[in-house]
Amino acid sequence: MVAQLRVYKAPADDVREERPEPTVRVRLGDLIPLVTMAQRSNFLWVKDFLDDEVAVSDDLYDVMQSFRSSRPSA
């Protein structure tokens, strides 16, 4: 028996998925090792969250931007 395929229209680009406001605060020092370990082990759930936003303080953002522009390219 041949499988029937269905074609769905892609959602419009201007339609944003509504996401609940974050309610849990986590220390960066606790988050980084867990995400790093999950990514190295190729856990699929990590990919589900790659488009999620993470709020950081202004000073951490400044440091990250400086690091991005000054680090040697691989």
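FYI, the numbering just counts along the sequence from 1.
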For residues 35-46, dump all side-chain donor-acceptor pairs below 3.5 Å to protein atoms at least two apart in sequence or in another chain.
from  : atom 1 : to    : atom 2 : distance (Å)
Thr36 : OG1    : Ile32 : O      : 2.7
Ser41 : OG     : Met37 : O      : 3.1

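The two residues Ser69 and Ser66 have their closest heavy-atom pair at OG-O, 3.1 Å.
Note that CD of Gln65 and OG of Ser70 are 11.0 Å apart. Values are rounded to the nearest 0.5 Å.
Heavy-atom contacts from other residues, nucleotides or ligands closer than 6.0 Å to CG of Asp30 number more than 12. Within a 6.0 Å radius of CG in Asp58, other residues, nucleotides and ligands contribute 12 heavy atoms or fewer.
Under the 4.5 Å side-chain contact rule for hydrophobic residues, Tyr61 and Leu28 share a cluster. No path of Ile, Leu, Val, Met, Phe, Trp and Tyr side chains, each step under 4.5 Å between heavy atoms, connects Val54 with Val24, placing them in separate hydrophobic clusters.
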